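First the structure, in the form of structure tokens, and then the observations on it.
Values in this document were obtained by computation on a predicted structure and should not be read as measured data.
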Amino acid sequence: MKAKAKKPKKIKMKTKKTFAKRVKVTGSGKLKRGHNHVSHFAANKTHKQKKHLAKSTLVHPTDQKRCAALLQG
């Protein structure tokens, strides 16, 4: 009998923990993120700017695939 050839193990990509802490996955599978420029130099920003920056937003569709790959783990 011939010896069975071993298949090479697939290397799994680890989840990038720093990115995982900054992003949440929505129920439909989209990625939700917060805005930047929120607290630094806050006195120079209008109330409206700060109000809108406080809300979360979705990751842009062009970045969706690249960002989702960072969470595969």
Side-chain angles (χ1 to χ4, degrees):
M1 285 190 135
K2 284 186 177 179
K4 217 176 198 182
K6 274 191 168 181
K7 288 183 183 177
K9 281 189 174 181
K10 285 188 178 179
I11 299 171
K12 291 184 179 178
M13 188 172 155
K14 287 186 177 179
T15 301
K16 301 291 186 237
K17 291 296 189 179
T18 55
F19 185 70
K21 291 171 188 175
R22 288 164 171 77
V23 170
K24 297 280 182 271
V25 181
T26 63
S28 59
K30 294 176 184 174
L31 297 174
K32 194 168 87 168
R33 66 169 179 88
H35 284 101
N36 52 355
H37 306 295
V38 178
S39 61
H40 196 237
F41 291 126
N44 298 341
K45 292 177 180 60
T46 63
H47 178 70
K48 184 178 178 179
Q49 273 180 303
K50 290 183 277 192
K51 190 171 64 175
H52 286 284
L53 288 173
K55 295 178 182 177
S56 59
T57 185
L58 296 176
V59 171
H60 197 269
T62 56
D63 289 330
Q64 191 87 23
K65 187 177 176 184
R66 182 176 57 85
C67 291
L70 296 173
L71 298 175
Q72 299 301 311

- Task: Kindly give the heavy-atom pair with the smallest separation between C67 and V59, and that separation in Å.
- Result: SG-CG1, 4.0 Å

- Query: At their closest point, which heavy atom of L31 faces which heavy atom of A68, and how far apart are they?
  - Reply: CD1-N, 3.9 Å

- Counting distance only, does the side-chain N/O of H35 pair as donor-acceptor with the main-chain N or O of A54 below 3.5 Å? no

- Is the side chain of K45 donor-acceptor paired with the backbone N or O of V38 at a distance under 3.5 Å, no angle test? no

- Message: Grouping I, L, V, M, F, W and Y whenever their side-chain heavy atoms are under 4.5 Å apart, do V25 and L58 come out in a common cluster?
- Response: no

Reported [atom1]-to-[atom2] distance for the pair [X] and [Y], which is rounded to 0.5 angstrom:
X	Y	atom1	atom2	value
K6	K9	NZ	NZ	8.0 Å
H52	T46	NE2	OG1	8.5 Å
R33	H60	CZ	NE2	9.5 Å
K14	L71	NZ	CG	15.5 Å

- Between K30 and Q64, is any pair of side-chain heavy atoms under 4.5 Å apart? yes

- If you draw a 6.0 Å radius around NZ in K17, do more than 12 non-hydrogen atoms from other residues or ligands fall strictly inside? no

